[in-house]
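Below you'll find the structure, written out as structure tokens, and then a few comments.
If you're wondering where the values come from, they're calculated on a predicted model, not measured in any experiment. Side chains included, hydrogens not; waters and symmetry mates left out as well; all remaining heavy atoms used.
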Amino acid sequence: MCRLALKTALEPFSPYTVLTAMEAMQEGYDGSGLGLLLRGMEFEDFRYNHKFPILSGIAHSVAAWRRLDDFMEERGYELKYDHKFHMRWDLVESKDRYRYFVRAYRMPDKFTDRTQQEKDDELMLTRLALRKDGELHGGDLTVFSFWPDVTIIKEVGWPIKIGDSLCLHDGQIKSRVCMAQGRQNTNYGINLYACHPFFLQGISTMTNGENTAFVPIKDWLLGRHFPGYLGYQSDSEVFTHILHYTLKQLKLPLQAYKHIITPLSSQELAVHPQGEFLAGLRNVCRRLIIDGPNAVIGTLPDETCLLVMDQKKLRPATVGGRTGEWAIASEMCGVDAMIPDRDRALDFQPMREHTVIIPPDRKELTIWSQHDPYPLPQAA
Amino acid sequence: MVSTRSVSVAPGSLTPNDFPWIIEHREDRCTLCGNCTSVCPKEAIRLAYRRQRLPRLDILSTKRGSEYRTFTGIRQETAIANACIGCGMCAMVCPNEAIMPAPNTNEHRTLFFNNQKGEPQKRGGRRNVSGPNLLDRIVFNRISMLTDPALDAGRHEFNLTTTLGRILPPEDFLDRIQHGGWIPPTREIFPFVIGSMSFGALSPNMWLGLLQGVAYCNEVLGIPVVMCTGEGGCPPWVLRSPYLKYIVLQIASGYFGWDEIIRAIPEMQCDPAAIEIKYGQGAKPGDGGLLMWHKVSKLIARLRGVPESVDLPSPPVHQTLYSIEESVMKMVQTMSTAFGHKVPVYPKISASTSAKAVLNNLVRNPYAAGLLIDGIDGGTGAAYNISMDATGNPIASCVRECYLDLVAQGRQNEIPIFAAGGVGKNGNIAQNGMALIMLGASGVHVGKYIMQAAAGCLGNEKGRCNVCNLGICPKGITSQNPKLYRRLDPDLVADRVAEVFMAIRTEVKKIMAPLGRSQSLPVGMSDAIGIADRDAADLLKINYVC
């Protein structure tokens with residue numbers, strides 16, 4: 001079973017904090033991989049403009065590195081910053097790693113007047129084109145994200161060891177949100193793209209457990225013919241795409257996510273103030289119903305963080321913290337490791353109907369229940 | 001040797017040994033009560049005087065000779081019309097276990113004489129091919145063992161309903177909600193539907209029993225079972241009752257009973273569950289419905305608006321003012337309009353290699369609420385044997401192809417496919433149904449199994465009984481003769497319907513729980529099934545396991 005940890009704070013912090021939480025929860029994974037997402041970036045040696053998209057990934061060879069450079073230049077991206085990790089190569093398990101890259105670009109001028117949608121699509125298509133390029137060259141280029149203010153690192157091995165190999169403790173990189181997954185390699189082969197968190201156009205989630213409804217959900221998402229709905233090296237990737245579909249395609253509020261993946265029963269909807277609308281939503285999104293067992297933890301472009309459970313609450317997760325900083329983890333000891341000096345009595349473990357939302361102001365948790373009125377005029 | 005001319009031997013002369021079922025009668029147990037001969041639906045046995053030779057052996061005398069005694073015994077008729085059908089009613093009523101039909105293990109001669117007076121064999125039942133079918137061989141093998149606590153079929157909450165009705169793409173749904181557009185009607189139903197068996201094909205007691213059972217499932221057990229009328233209309237009191245919501249009204253090419261239905265629309269207390277337009281039937285593709293004259297009683301004649309005691313063969317095609325292509329579209333639209341666009345309307349077709357073309361037409365028809373595909377193993381009350389045994393297409397691959405076609409278009413949630421034809425043929429009702437669901441069906445229709453399980457239908461796929469067409473059903477299930485259908489107690493049928501659906505519900509949970517599924521029916525969860533047949537696995541795009 002995978003272990004998950006997320007920390008969000010007003011003050012940027014080192015991702016190493018979250019890796020210590022992974023270490024605290026180490027009984028739960030087998031060290032087959034780590035996925036790390038940072039949002040709200042701060043670099044020690046560069047004053048980062050938060051509008052610049054950051055490309056993160058791994059070049060596995062010099063040739064791939066050069067192709068990447070050429071590709072971005074041809075596409076009109078201007079390199080503004082190229083973060084160079086201080087590497088301890090002796091700790092890196094994998095042999096074919098040339099360069100872990102985190103590079104900030106300025107978008108081509110022609111996009112200045114384009115709509116946000118067009119810009120978002122361009123960033124996604126650029127990432128996908130690079131991913132494809134890597135796949136066509138024997139997997140020598142792995143690209144995790146290309147988005148403003150976001151960095152993703154994924155690697156095979158023990159989380160803390162990976163952190164040490166990249167010297168993440170030295171404070172060169174900090175962020176206001178950091179989420180990490182310690183991976184238990186189960187039914188799919190070790191593949192960097194199979195590692196959580198998954199990312200699409202600013203939306204990211206990670207999950208523990210297994211998605212038993214994976215194939216029907218995947219089949220349906222592929223049928224949308226949206227370029228970003230691909231991959232599926234892991235059965236958990238669909239959770240990210242469902243959230244993306246909910247927010248970006250259907251343009252529904254975050255609360256709809258829970259209604260889509262774990263809709264209320266007909267009996268519960270019969271007494272819900274917007275039961276009729278929600279029953280209709282359940283029907284039209286029926287293929288997106290998950291069965292778990294899962295806890296889904298995610299972040300949105302505005303630094304909102306969220307936590308939801310499967311309908312049976314078969315995977316636990318805890319959220320705790322205080323004004324200004326909050327932590328979510330699949331184990332209580334994970335929360336303890338990230339924010340030890342909090343009032344533990346105020347920790348919260350959501351039930352099946354809850355969506356825990358940590359808003360960008362990070363003042364207090366919003367615990368939203370599916371039984372609450374649904375916040376959308378169209379449902380009235 | 002006796003001259004052959006003095007013995008009556010015609011081409012069609014047969015002995016009991018030439019029949020598929022041979023009556024075994026034990027004279028030493030028989031009390032001559034006559035129950036067996038009076039109950040036999042085919043008059044295949046009769047009491048007859050017989051003579052027995054008793055050899056006289058007098059040891060002290062040189063005289064030899066015989067004595068004779070006369071006794072009353074059972075004799076099996078040897079006319080084709082009276083051939084024993086193996087129903088076993090004689091054994092059922094015999095107080096002394098003195099009689100029973102035994103299957104003829106040799107090949108039998110009636111195969112060659114089933115065409116008396118130039119009329120090929122007609123019968124009820126379904127394709128007479130016995131043994132495990134493809135669905136029986138599918139196993140559910142994606143068990144959540146590694147990371148997961150398995151679900152508890154006994155204690156966890158399961159959502160086992162499926163949606164009958166057209167479902168919009170989510171974007172369209174939200175748009176119509178916002179702008180006040182029409183949202184097609186849907187029904188949340190139990191995925192095992194009692195398939196179309198007409199009022200006419202079934203006896204009044206059977207129909208009443210089914211309806212009572214269905215109402216009980218819905219209102220007491222919380223299992224939202226619906227049943228389909230078949231093409232014979234619907235009793236007027238049901239049309240005006242609150243139970244109509246559990247009924248799918250079928251319209252077929254004979255349009256029987258639809259005067260009554262249309263007239264009842266203003267007085268309906270609730271909408272019917274759905275409207276099924278029958279274009280084809282798996283048991284007899286290309287043939288219309290057939291109610292033979294034996295069963296057109298006074299009641300049926302009134303209900304269908306026809307004279308008594310005449311054959312009622314529905315034409316194979318719907319009479320239409322439109323071109324064939326338009327007819328489906330217009331009929332679906334017309335029926336939807338007749339019920340105020342508040343009732344799902346879907347067509348039923350025979351499984352066929354052309355089913356995908358029909359499906360794709362429906363995808364573009366905004367009023368079409370689904371598609372029911374009926375496979376070659378489907379049952380019928382009356383059809384030519386050749387249609388039942390040799391015409392049609394198996395259901396599994398047909399459903400799978402149609403589903404994958406929808407998947408390729410990304411529309412698998414919009415048009416539910418229902419499957420029928422041989423579900424539960426060998427008793428594995430939940431297993432067969434769930435296998436079809438994982439191949440892509442949203443639910444299944446079940447007819448024959450319900451007759452067998454709920455009313456004790458004696459028919460099987462080895463030629464047993466299969467006389468639904470003649471109105472002589474020994475259990476009173478498919479007869480319009482009050483003397484026969486009074487044998488069937490509607491209350492007991494209702495009891496059995498409830499028991500059957502309770503058991504199906506439990507078995508469905510027992511299948512879903514190990515797969516880690518409980519929140520929604522695993523429609524199209526093809527990664528969960530496997531079969532030990534490479535070709536079938538390749539065709540169905542499921543796992544090959546051995």
Side-chain angles (χ1 to χ4, degrees), chain A residues 1-2 184 186-187 208-226 229 235 245-246 249-252 256 260-267 276-277 279-294 310-312 314-315 352 376-380, chain B residues 142-152 156-159 161-163 165-179 183-184 186 188 222 224 403-404 406-414 416 438 440 442 512 514-528:
Chain A
M1 182 167 42
C2 305
Q184 167 101 341
T186 52
N187 35 357
N208 57 3
E210 180 185 16
N211 176 9
T212 49
F214 171 56
V215 167
I217 297 175
K218 179 195 74 172
D219 284 348
W220 194 84
L221 286 169
L222 287 170
R224 300 312 94 206
H225 302 298
F226 181 76
Y229 296 161
D235 58 11
Y245 183 72
T246 307
Q249 311 276 80
L250 298 183
K251 300 184 172 47
L252 292 173
I260 286 174
I261 58 171
T262 63
L264 294 175
S265 69
S266 298
Q267 292 85 343
E276 202 180 329
F277 167 77
L281 187 66
R282 180 181 67 176
N283 262 352
V284 298
C285 294
R286 181 172 286 252
R287 300 299 164 125
L288 300 177
I289 295 175
I290 68 160
D291 236 318
N294 303 113
D310 68 76
Q311 213 271 349
K312 300 265 185 306
L314 289 169
R315 283 284 177 278
R352 55 190 249 179
L376 199 67
Q378 65 194 172
Chain B
R142 190 203 175 283
I143 313 298
S144 285
M145 289 301 295
L146 188 56
T147 64
D148 299 332
L151 291 169
D152 184 335
H156 274 129
E157 181 186 278
F158 281 72
N159 182 3
T161 59
T162 194
T163 306
R166 179 71 172 221
I167 296 169
L168 296 169
E171 292 85 352
D172 285 4
F173 167 76
L174 293 171
D175 186 62
R176 290 195 196 183
I177 286 282
Q178 209 154 13
H179 300 103
I183 308 287
T186 56
E188 284 298 306
Y403 179 75
L404 291 177
L406 289 178
V407 168
Q409 300 176 54
R411 310 193 74 158
Q412 64 269 45
N413 195 44
E414 295 171 30
M438 290 183 211
S442 287
M512 282 170 64
L515 309 180
R517 297 299 306 271
S518 64
Q519 278 309 289
S520 62
L521 208 60
V523 177
M525 190 183 172
S526 53
D527 58 324

- dist A:Thr262:OG1 -> B:Asn159:CG (nearest 0.5 Å) comes out at 12.0 Å
- Item | Donor + acceptor pair across side chains of A:Asn208, A:Arg315 (<3.5 Å) | no
- Task: Would you mind checking which part of B:Ala408 comes under 4.5 Å of any heavy atom in chain A, side chain (CB onward), backbone (N, CA, C, O), both or neither?
- Result: backbone
- Message: Measuring from atom CD of B:Glu157 to atom CG of B:Leu151, what distance do you get when rounded to the nearest 0.5 angstrom?
- Response: 11.5 Å
- If you count heavy-atom pairs under 4.5 Å with chain B, which of A:Leu281, A:Leu221, A:Ile290 comes out on top? A:Leu281
- Query: Which class fits the ring pair A:Tyr245 and A:Trp220: parallel under 30°, tilted 30 to 60°, perpendicular over 60°?
  - Reply: perpendicular
- Task: Below 4.5 Å from any heavy atom of chain A, which atoms of B:Ser518 appear? Answer side chain, backbone, both or neither.
- Result: both
- Query: If you count heavy-atom pairs under 4.5 Å with chain A, which of B:Thr161, B:Thr186, B:Thr163 comes out on top?
  - Reply: B:Thr163
- Could you look at B:Glu188 and say if it's the side chain, the backbone, both or neither that has a heavy atom under 4.5 Å from chain A? side chain
- Query: Considering only heavy atoms, which portion of B:Ile183 lies under 4.5 Å from any heavy atom of chain A: side chain, backbone, both, or neither?
  - Reply: neither
- Engaged part of B:Pro522 at the chain A interface, taking heavy atoms whose separation is under 4.5 Å: neither
- Message: For chain B, which candidate among A:Asp310, A:Asn283, A:Ile289, A:Asp219 shows the most heavy-atom pairs at distances under 4.5 Å?
- Response: A:Asn283
- Message: Can you tell me how far apart NZ (A:Lys312) and CG (B:Asp152) are? Round to the nearest 0.5 Å.
- Response: 10.5 Å
- Rounded to the nearest 0.5 Å, how far does CG of A:Asp291 lie from CE of B:Met525? 8.0 Å
- Query: So does A:Gln249 have more than 12 non-hydrogen atoms from other groups sitting under 6.0 Å from CD?
  - Reply: yes
- Task: Heavy-atom distances under 4.5 Å only: say whether A:Arg286 touches chain B with side chain, backbone, both or neither.
- Result: both
- Using a cut-off of under 4.5 Å for heavy-atom pairs, which of B:Gly410, B:Gly165, B:Gly524, B:Pro170 has the most such pairs with chain A? B:Pro170
